[in-house]
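Note on naming: letters A, B, ... go to the chains in the order of the sequence lines (proteins, then strands), and numbering restarts at 1 for each one.
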Amino acid sequence: MSTSRKWYTPYVSPNDPCPPLGPISYETPVQLYLGFQPRGMEQFSPFEALTHGTLWPGLFTPYTNPYLSKREELNTDG
Amino acid sequence: MWYYEKKLQYPVRVGICNPRMAKFLIEQYGGADGELAAALRYLNQRYTIPSRVMGLLNDIGTEEFAHLEMIATMVYKLTKDATPEQLKEAGLGEHYVDHGKSIYYHNAAGQNFNMGIQSKGDPIADLYEDIAAEEKARSSYQWIINVSDDPQINDSLGFLREREIVHSQRFREAVELLKEEQSKKRVF
Ligand SMILES: [Fe+2]
């Protein structure tokens with residue numbers, strides 16, 4: 001399974017005016033990897049599909065504010 | 001032609017009285033990568049796209065109008081009960097002087113909607129444009145979620161962002177359909 005969020009750490013200069021923000025995230029959602037959607041992919045129930053914004057769990061890539069979750073995610077990623 | 005259903009595609013709840021959010025949300029209403037631009041772009045491009053994918057542009061273009069309505073509902077809820085003084089504090093003073101409480105097609109920086117929507121008449125150029133536009137709309141939703149402290153608005157914005165993901169996926173599949181060698185059998 002691909003991860004839908006990646007991180008990189010920009011160069012920090014000793015002359016930077018502000019304290020470094022740390023690693024920067026960017027999103028890599030599922031459509032970058034799926035190719036042509038295969039037939040017969042598992043489906044949500046109609047109600048679940050509405051709340052998720054898609055009929056297929058395989059297309060669901062939720063988003064959370066990375067500034068709030070940065071610390072935990074970096075830890076779980078190792 | 002269209003049939004209109006008198007309900008939103010997804011419920012819109014605004015939990016926190018923060019008119020400043022309206023200023024951010026208006027980006028998706030009248031901004032370059034907003035829902036109006038998307039709807040107009042797809043419904044315009046569909047005439048000169050191969051018939052295999054014309055229906056896709058038609059469907060997605062129609063859905064974008066349903067998204068536009070959701071954004072309008074959020075903006076309206078956030079501004080309808082604000083005093084002119086509160087609107088001024090929210091950075092909407094200029095908006096109020098120009099348009100009163102009415103919603104308007106401009107971006108978060110107050111620039112009027114720009115009709116320069118992309119349409120090249122080349123199927124691949126147009127679909128690549130559309131994929132990029134969907135990814136840009138997805139990013140806009142992320143940036144708005146990052147500056148929002150209202151979990152209920154973020155729930156609706158999360159829905160809209162997921163729709164951009166599905167649209168991007170479908171446009172990518174449309175490219176695959178069009179680049180397929182016509183002598184070959186179709187295997188998925
Ligand atoms: Fe879209």
Within the distance-only criterion (no hydrogens, no angle test), does the side chain of [X] pair as donor or acceptor with the backbone N or O of [Y] below 3.5 angstrom?
X        : Y       : result
B:Glu162 : A:Thr54 : no
B:Gln169 : A:Gly35 : yes
B:Arg161 : A:Thr61 : yes

Whether over 12 other heavy atoms sit under 6.0 Å from [X] [atom1]:
X        : atom1 : answer
A:Phe47  : CZ    : no
B:Tyr96  : OH    : no
B:Tyr4   : OH    : yes
B:Lys120 : NZ    : no
B:Tyr76  : OH    : no

Under 4.5 Å from any heavy atom of chain A - which part of B:Glu135: side chain

B:Asn154 and A:Tyr63 side chains, donor-acceptor separation under 3.5 Å: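 Note: A:Tyr63 and B:Asn154 side chains miss the donor-acceptor criterion.
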
Closest heavy-atom pair and its distance - [X], [Y]:
X        : Y        : answer
B:Tyr10  : A:Leu50  : CE1-O, 3.4 Å
B:Arg163 : A:Gly53  : NH1-O, 2.6 Å
A:Gln31  : B:Ile165 : OE1-CG2, 3.3 Å
B:Glu176 : A:Phe36  : CB-CD1, 3.9 Å

In the single-linkage hydrophobic clustering (I, L, V, M, F, W, Y; side-chain heavy atoms under 4.5 Å), do [X] and [Y] co-cluster?
X        : Y        : result
B:Ile124 : B:Leu56  : yes
B:Tyr104 : B:Ile71  : no
B:Met21  : B:Met70  : yes
B:Tyr42  : B:Leu160 : no
B:Ile131 : B:Leu177 : yes

Partner set under ring-ring contact (aromatic ring centres under 6.0 Å, His included) for B:Tyr29, not counting sequence neighbours: B:Tyr105

For [X], is it the side chain, the backbone, both or neither that has a heavy atom under 4.5 Å from a heavy atom of chain B?
X       : value
A:Pro29 : side chain
A:Leu55 : neither
A:Phe60 : both

Sub-4.5 Å side-chain heavy-atom contact between A:Pro66 and B:Asn146: yes

Interatomic distance, B:Ser148 atom OG to A:Asn65 atom CG [nearest 0.5 angstrom]: 9.0 Å

Separation of A:Leu68 CG from B:Asp149 CG (nearest 0.5 Å): 10.0 Å

Check against side-chain contact (heavy atoms from CB on, under 4.5 Å), A:Leu59 and B:Arg170: CA-CA 11 Å; A:Leu59 276 184; B:Arg170 297 300 172 239; 3.6 Å; yes

Among B:Arg172, B:Gln142, B:Gln9, residue most engaged with chain A (heavy-atom pairs, under 4.5 Å): B:Gln142

